[in-house]
Number of protein chains: 2
Amino acid sequence: MHTAYLRPVADEEFSHSETRQDGLSEHLARIKDHGVRLRFHRNQVIAAAGEAAAHIYTVASGCVRVSHHGGDGRRHIADFLFGGDIWGLGDAQQFALTAEAVSPVTVTAYPRIVFERLGEGNNRLKTEIMSHLSEAIARAHRHLFLLSRLTARERMATFLVRMMQQSQLVYGARLDLPMPRRDIADHLGLTIETVCRALASLREEAVIEVPNSHLVTILDYGALRAIAGHPSQL
Amino acid sequence: MHTAYLRPVADEEFSHSETRQDGLSEHLARIKDHGVRLRFHRNQVIAAAGEAAAHIYTVASGCVRVSHHGGDGRRHIADFLFGGDIWGLGDAQQFALTAEAVSPVTVTAYPRIVFERLGEGNNRLKTEIMSHLSEAIARAHRHLFLLSRLTARERMATFLVRMMQQSQLVYGARLDLPMPRRDIADHLGLTIETVCRALASLREEAVIEVPNSHLVTILDYGALRAIAGHPSQL
DNA sequence: CGGACGCTTGATAAAGTTCAAAGAGAGTGG
DNA sequence: CCACTCTCTTTGAACTTTATCAAGCGTCCG
């Protein structure tokens, strides 16, 4: 029996101590008076690709997808963000990707200009940003390998393991997937149908259960990790 | 007739004014006495994944592939580096990826510790590094879309356009591809055979010529770009 | 000249996509 | 509260793209 993935329910008030935490939140706390709290409905655009990158965002609650839209309807979701995740760092003048609400979302938007002023002469902050960007690169590279070389089953298993590791939405062995199948498909470079079949395949082998479409119960975490493959891919 | 891609032959001595240039080279010039020039044969490992990230590298000449090796022989090449490109920035203690020589390569290795000392209190340098990392993220995201949603032909066309834009190895409309088909395949998430067939398909439509396996002549750059698709993918 | 290696092309197979249809769930209005 | 509708999910069947297997070719180098 694996228990390493057991996690308590995350209280709203704890959301800033959550996943993918770098030391940036303490810096943001210093300009919290400039932060504006915004709410978005499901599928609402938080910031569009091409738009002037005027703000930096932190996700307070909910799930955000960050995606690239090709001209002809083809789409790729680069990442899902959850409570505590930061987005919009980096020095691009315009956003390269679009951020949309997967579920009802609350974000805090900090004017970039204030953040940059905070960074001037603040070496520790710049180091933290570099660290954040480095981690983003490492994540992207792991995903490149997934898209380049893993089978549909392996991608699905890897995705579930990643969600287990980083999501605040784990209750025991139950994993909440707030995003629809289409989003998972566009994240893993598959179609909706293949995502369904990959889940069905894992279900048939008693690795997971799928009580409903937004919930997955992990029955055999070891098997799931084994299917996902090399640890460096997670 | 398109001429925008015409470029002079790059002289060895000009290689530091080449592709993907950020403002980092001037900073490196200040610690050039600490730089060690190293030569590598084809397929020699310059730095392996997992190895302590003790140095930062700049490519003086030749072509380097940066790759991720899955346990079972599956491989993905995240990027190809050419003269002037810098590699090893970011704050990871170990390299996440392996760098190998595609062709005979000359690199300059700077001890990371010296570089970091240079960065202490040097805000401009840190800003440059952030900029470099941001660009690396943007590149990775474009490649995620390629792997996720483009067909073999589209990937090949995109690859050729990218190489045209960034390579120093363009002589008129002739493009030198120093890497073997296997490397291209592992970069594009395809097999060797599919790379061959994609090239053959472009050749049959008179978009390119392939005088020999390391040389491609671009006959119709406009068509190539059209096949590659949305500009944001390049 | 011979052998090794990399490239190309062909035939077959497999994985995943597309098309189609049916079922499940959530929200809405009567 | 129920019926209705809309959206999302699931499964099946046919098809397409790409991978795999196999053979032949060219070229580079000893």
Side-chain angles (χ1 to χ4, degrees), chain A residues 41-44 63 65 70 72-77 101-104 146-159 176-204 208-216 227 229, chain B residues 41-43 63 65 70 72-77 100 102-104 146-159 176-204 208-216 227:
Chain A
H41 301 123
R42 193 163 71 96
N43 293 331
Q44 220 179 334
C63 175
R65 63 173 171 259
D72 53 353
R74 287 184 282 190
R75 183 180 70 152
H76 179 250
I77 294 179
V102 168
S103 54
L146 177 147
L147 293 173
S148 174
R149 291 300 178 215
L150 298 196
T151 64
R153 249 172 72 94
E154 291 170 331
R155 294 180 198 197
M156 195 69 231
T158 303
F159 176 68
D176 186 19
L177 301 177
M179 69 293 290
R181 295 288 183 264
R182 164 157 304 286
D183 287 358
I184 297 174
D186 285 343
H187 183 50
L188 301 180
L190 302 168
T191 58
I192 299 178
E193 293 92 331
T194 304
V195 167
C196 278
R197 284 186 250 265
L199 282 169
S201 149
L202 294 173
R203 177 163 45 71
E204 281 156 21
I208 60 171
E209 272 175 352
V210 187
N212 69 61
S213 70
H214 288 289
L215 215 52
V216 171
I227 294 165
Chain B
H41 301 122
R42 192 162 71 96
N43 293 332
C63 174
R65 65 172 170 259
D72 52 355
R74 287 184 281 190
R75 183 180 71 151
H76 180 250
I77 294 179
E100 295 157 307
V102 168
S103 54
L146 178 147
L147 293 173
S148 173
R149 291 299 177 215
L150 298 197
T151 64
R153 247 172 73 93
E154 292 170 330
R155 293 180 200 197
M156 195 68 233
T158 303
F159 176 68
D176 187 18
L177 301 177
M179 69 293 288
R181 296 288 184 267
R182 163 158 303 288
D183 287 358
I184 298 175
D186 285 344
H187 183 50
L188 300 181
L190 302 168
T191 59
I192 299 176
E193 294 93 331
T194 303
V195 167
C196 277
R197 283 186 250 265
L199 282 170
S201 149
L202 295 173
R203 177 164 44 72
E204 282 156 22
I208 62 172
E209 272 176 352
V210 187
N212 70 61
S213 70
H214 287 290
L215 214 52
V216 171
I227 294 165

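Lettering of chains follows the sequences in order, A, B, ..., and the numbering in each one begins at 1. Note: hydrogens, waters and symmetry copies are ignored here, and every other heavy atom, side chains too, is used.
- Rounded to the nearest 0.5 Å, atoms CZ (A:R42) and SG (A:C63) are 12.0 Å apart.
- Remark: side-chain polar atoms of B:H214 are paired, donor with acceptor, to backbone N or O of B:L177 under 3.5 angstrom.
- For the pair A:N43 CG and D:dC6 P, the computed distance is 18 Å after rounding to whole Å.
- In this entry the distance linking CG of A:N212 with C1' of D:dT10 reads 14 Å, nearest Å.
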Summarise how protein sits on nucleotides 23-30 of chain D as a single string, 5' to 3': B when a protein heavy atom is under 4.0 Å from the base, S for sugar-phosphate-only contact, - for no contact.
--------

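- Side-chain atoms of A:R181 come within 3.5 Å of backbone atoms of A:S213 as a donor-acceptor pair (strictly under, hydrogens ignored).
- Considering every non-hydrogen atom in both A:P178 and A:V102, the closest pair reads O-CG1, 3.6 Å.
- When rounded to the nearest whole Å, the span between NE2 of A:H214 and P of C:dG25 equals 12 Å.
- When atom types are taken as modelled, the side chain of A:R74 and the backbone of B:R149 share a donor-acceptor pair closer than 3.5 angstrom.
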Does the protein touch nucleotides 10-19 of chain C at the base, only the backbone, or not at all? Give it as B, S and - per nucleotide, heavy atoms under 4.0 Å.
BB----SBBB

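- Under 4.0 angstrom from either OP1 or OP2 of C:dA26 there lies no side-chain N or O belonging to A:R42.
- Atom CG in B:L188 sits 6.0 Å away from atom CZ in B:F159 (nearest 0.5 Å).
- Here the OG1 atom belonging to B:T191 is positioned 9.5 Å from the CG atom belonging to B:D186, to the nearest 0.5 angstrom.
- Taking five base pairs at each end of the helix from C:dC1-D:dG30 to C:dG30-D:dC1, the local helix axes there meet at an angle of 30°, rounded to 10°.
- Looking at B:S201, its side chain never comes within 3.5 Å of a backbone N or O of B:R197 through a donor-acceptor pair.
- Between B:M156 atom CE and D:dT18 atom C1' there is a gap of 16 Å when expressed in whole angstrom units.
- Spacing between atom CZ of B:R181 and atom C1' of C:dC5 amounts to 14 Å, rounded to whole angstrom units.
- The structure places CZ of A:R65 at 13.0 Å from NE2 of A:H187, a figure rounded to the nearest 0.5 Å.
- Look at CG on A:L215: it is 19 Å from P on D:dC8, rounded to the nearest Å.
- For the atom pair CE of A:M156 and CD1 of A:I227, the computed distance is 11.5 Å after rounding to the nearest 0.5 Å.
- Separating the SG atom in A:C196 from the CG atom in A:L190 is a distance of 11.0 Å, to the nearest 0.5 Å.
- Rounded to whole Å, the distance from CD1 on B:I184 to C1' on C:dT8 is 14 Å.
- Atom CZ of B:R182 is separated from atom C1' of C:dG6 by 10 Å (rounded to the nearest Å).
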